[in-house]
Amino acid sequence: QGEYKQAVVSTQSTGYLNESTRTELEKRCLQVLVEQHLEIFYSEFQNLLDNDKNEDIGRMYELVYRLEGGLKHLKQLLEDHIQRVGLKAVQSCAESKDSVDPKTYVQALLDVHRKYNELVNKAFDKNSLFVQALDKACTGFINKNCVSEAANNTGKSPELLAKYCNLLLKKSSRINPEEEELESILNDVMVIFKYITEKDVFQKFYRNLLASRLVNDTSVSHDLEGSMISKLKQECGFEYTSKLQKMYTDTHTSKDLNDRFQEYCSSNPAPNESMQGFSVMVLSDGSWPYSRPSSEFNLAPELRTIHERFSAFYDKQHSGRKLSWLYNQSKGEVEWSRSKPKASHRFHCSTFQLSILFQFNHRDCLTFGELQTNTMIEKDKLDQYVKQLVGFNVLAVSGSCEKDKEILLTDTVQLNLNYSNRKIRVNLALPLKSETKQETEQAHQSVKDDRMLVIQACIVRTMKSRKQLKHALLLAEVMQQLQNFQPSVPAIKKCIGILIEKDYIERLDGENDTYQYRA
């Protein structure tokens, strides 16, 4: 084919052609040597794609692009090919696995994009038609594939992409890559993000995971966290990242607040007060994905003094503000010490676990009912926390402690005085399995609820400016304005019905397909 291409190109040599006949002769050569063989070209093009013959593909492109409309079929063939390869790549990384690994999944998507992005840049000289084919194909297989179908959820790709970002930006026991390398990987992540159609799902999961990293101080780099937020802002705008930016700012504000509190306690010391390791993060209400506690909790006396002192200090610093303590996000360390120094351990615990363990400071044995009365933790949650501590061999229960059976109020819970562990520092603060599953389900449900409000707000804005609109035009306006997700027609119709009930809009008399804004 290289020789054939050379024969066609050589006809353009000005040394052999008269200027008066050159244009017509070139046109006739293209017609005879290329246009009349297009069907052969098209059938051979698929073989070249299948066998990665990029140089030959480039030669074919140089021949066909001279023909008016000749590239349209090649563009469609390339788009369909990339779509098939992408779906196959996703299927191979999802086979025989209960859950898809986010890293494997995203890498599979990136590998396909890299391969065909290079092809488009080199063989097709970045031609806009083939760039469009690449973008359309990637949008297709990234958002709808066997993984999303298995989960019956088109928001699976943004969820896995957010979890992959969490793997990159969270400290781990493995050696983390250098910042420059991570920055490059995050740029690759943004390539996939560009093709995500349900960006609000990514935002929800990314926000939840960012909150966990910031609260637990497990970010590999605060600079990288800020860099990633800037990338998202550049792609989607200020509104998309406003809450993420506020969360990031809160961490720096809290550090300054803790420094001032330390200075205050140093200049106003209290008897028997220990400030070692104490710190507080003050989170802006509405920016973080946490709700105020709905149930009561009795903080252990060992923690109450410093808790009350910080509250008083904060009230003086910020009059009119009220703190709501998120005990479910709080953690601390407690020392387990027996008579022998070698038996000393440090337990990293949640605040609920701390309050349970502090009950055994003066007694080695309590009933489950007494634990609930003293801590005021909800019975089902207390059941899980006690079973968790039993699993770590810190506590023991007299009755049945099986996972599927509840601990009775009369069952005895006692401290394991013979506890031993080779590790000095032991992490007991593992998330409850039920909470982890609920968080994922709640995130997807929260996205659905938020979408209904966003659609309603969009309809009201549109009707307020247009005053009257036909049903079809209103649907088109709403779909055009909403960029972070693709609203379904039934969802828009449902929102229209809700707004009619709320008297924001109404149907015109005698014209059921026309809506009017009510001031």
Side-chain angles (χ1 to χ4, degrees), residues 52 54 82 85-86 89-90 92-94 97 99-122 126 131 134-135 137-139 141-143 145 147 156-196 199 201-237 240-241 243-252 255 427:
D52 298 327
N54 292 0
I82 297 174
V85 172
V90 172
S92 64
C93 77
K97 291 183 181 179
S99 60
V100 180
D101 175 49
K103 181 178 179 180
T104 306
Y105 181 80
V106 175
Q107 286 298 333
L109 302 181
L110 280 170
D111 289 343
V112 175
H113 179 270
R114 282 197 198 99
K115 177 179 178 179
Y116 291 101
N117 186 56
E118 183 180 1
L119 176 66
V120 168
N121 290 340
K122 292 183 178 180
K126 300 181 181 178
V131 171
L134 174 65
D135 290 343
C138 288
T139 301
F141 76 79
I142 287 174
N143 292 285
N145 51 51
V147 172
K156 198 63 182 176
S157 283
E159 176 191 337
L160 290 170
L161 187 63
K163 289 180 177 178
Y164 178 59
C165 291
N166 187 54
L167 292 175
L168 294 173
L169 295 170
K170 185 178 180 180
K171 293 176 185 174
S172 67
S173 56
R174 301 183 299 275
I175 298 176
N176 289 100
E178 296 293 330
E179 280 200 26
E180 290 183 4
E181 185 181 349
L182 276 173
E183 188 75 44
S184 176
I185 298 173
L186 291 176
N187 288 333
D188 290 339
V189 167
M190 293 305 299
V191 171
I192 302 300
F193 177 79
K194 180 180 71 171
Y195 296 114
I196 294 293
K199 290 181 170 61
V201 177
F202 176 89
Q203 182 193 43
K204 181 68 67 175
F205 278 92
Y206 189 87
R207 180 172 166 234
N208 291 348
L209 295 168
L210 172 65
S212 177
R213 293 196 299 273
L214 296 179
V215 166
N216 297 308
D217 193 25
T218 56
S219 288
V220 70
S221 165
H222 280 273
D223 290 339
L224 281 174
E225 295 285 9
S227 175
M228 185 61 185
I229 293 173
S230 297
K231 294 179 195 297
L232 294 170
K233 181 179 178 180
Q234 187 175 2
E235 183 69 29
C236 298
Y240 187 83
T241 58
K243 291 183 179 180
L244 304 179
Q245 187 63 54
K246 183 59 178 172
M247 290 162 60
Y248 181 73
T249 304
D250 282 347
T251 59
H252 296 283
K255 288 179 182 178
N427 181 23

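Put simply, CE on Met228 and OH on Tyr206 are 5.0 Å apart, with the number rounded to the nearest 0.5 Å. Taken from CG in Asn208 to NZ in Lys204, the straight-line distance is 7.0 Å, to the nearest 0.5 Å. Atom-to-atom distance recorded for Asp101:CG and Lys163:NZ is 11.0 Å, nearest 0.5 angstrom. Remark: Glu178 CD to Ser221 OG distance equals 11.0 Å, nearest 0.5 Å. Distance check: Lys115 NZ to Asn54 CG gives 8.0 Å after rounding to the nearest 0.5 Å. Note that OG of Ser157 and CG of Asn145 are 5.0 Å apart. Values are rounded to the nearest 0.5 Å.
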(request) Evaluate side chain to side chain donor-acceptor pair (under 3.5 Å) for Asn187 paired with Lys231, printing each intermediate quantity in order. (result) CA-CA 8 Å; Asn187 288 333; Lys231 294 179 195 297; 2.7 Å; yes
(request) Just do the side-chain contact (heavy atoms from CB on, under 4.5 Å) check on Gln203 and Leu232 with the steps written out, would you? (result) CA-CA 9 Å; Gln203 182 193 43; Leu232 294 170; over 6 Å; no
(request) For Ile185 and Glu180, run side-chain contact (heavy atoms from CB on, under 4.5 Å): C-alpha distance rounded to whole Å, both residues' side-chain angles, the deciding distance at 0.1 Å, then the answer. (result) CA-CA 9 Å; Ile185 298 173; Glu180 290 183 4; over 6 Å; no
(request) Test salt bridge (Lys or Arg N to Asp or Glu O under 4.0 Å) on Lys122 and Glu118 and set out the steps. (result) CA-CA 6 Å; Lys122 292 183 178 180; Glu118 183 180 1; 3.1 Å; yes
(request) Report the C-alpha distance between Phe205 and Asn166 in whole Å, list the side-chain angles of each, state the deciding distance to 0.1 Å, and finish with yes or no for side-chain contact (heavy atoms from CB on, under 4.5 Å). (result) CA-CA 10 Å; Phe205 278 92; Asn166 187 54; over 6 Å; no
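Here the side chains of Pro158 and Lys199 are not in contact, with every heavy-atom distance at 4.5 Å or above. Inter-residue side-chain proximity for Glu159 and Lys156 is flagged as met; some heavy-atom pair is nearer than 4.5 Å. Side-chain contact between Asn121 and Val131: absent, with no pair of heavy atoms (C-beta onward) separated by less than 4.5 Å. Proximity of Leu214 to Ser219: side-chain heavy atoms (C-beta onward) are separated by under 4.5 Å at one or more points. Taking the side chain as every heavy atom from C-beta outward, Leu169 and Leu186 approach each other to under 4.5 Å.
Side-chain polar atoms of Asn143 and Tyr195 form no donor-acceptor pair below 3.5 angstrom. Between Asn216 and Lys170, the side chains place no donor N or O within less than 3.5 Å of an acceptor N or O (distance only, hydrogens not considered).
Qualifying side-chain contact (heavy atoms from CB on, under 4.5 Å) partners for Gln245, counting only residues two or more places apart in sequence or in other chains: Ile229, Tyr248, Thr249.
For Leu161 against Ile196, the heavy-atom pair with the smallest separation is CD2-CG1, 4.2 Å. Contact record, Thr139 with Asp135: OG1-O, 2.8 Å, taken as the closest heavy-atom pair. Contact record, Leu209 with Ala162: CD1-O, 3.6 Å, taken as the closest heavy-atom pair. What you find for Val112 and Phe141 is that their closest heavy atoms are CG1-CZ, 3.8 Å. The minimum heavy-atom distance between Arg207 and Met247, with the atom names listed, is O-CE, 3.6 Å. When every heavy atom of Leu168 is checked against every heavy atom of Val220, the shortest pair comes out as O-CG1, 3.8 Å.
Looking at Asn117, its side chain never comes within 3.5 Å of a backbone N or O of His113 through a donor-acceptor pair. Using modelled atom types, no side-chain atom of Thr241 and backbone atom of Leu244 make a donor-acceptor pair closer than 3.5 Å. Judged by distance alone, the side chain of Ser227 and the main-chain N or O of Asp223 form no donor-acceptor pair under 3.5 Å.
Side-chain rings of Tyr105 and Tyr164 stay apart, their centers remaining 6.0 Å or farther from each other.
For the pair Arg213 and Glu225, the salt-bridge criterion is met [side-chain N within less than 4.0 Å of a carboxylate O].
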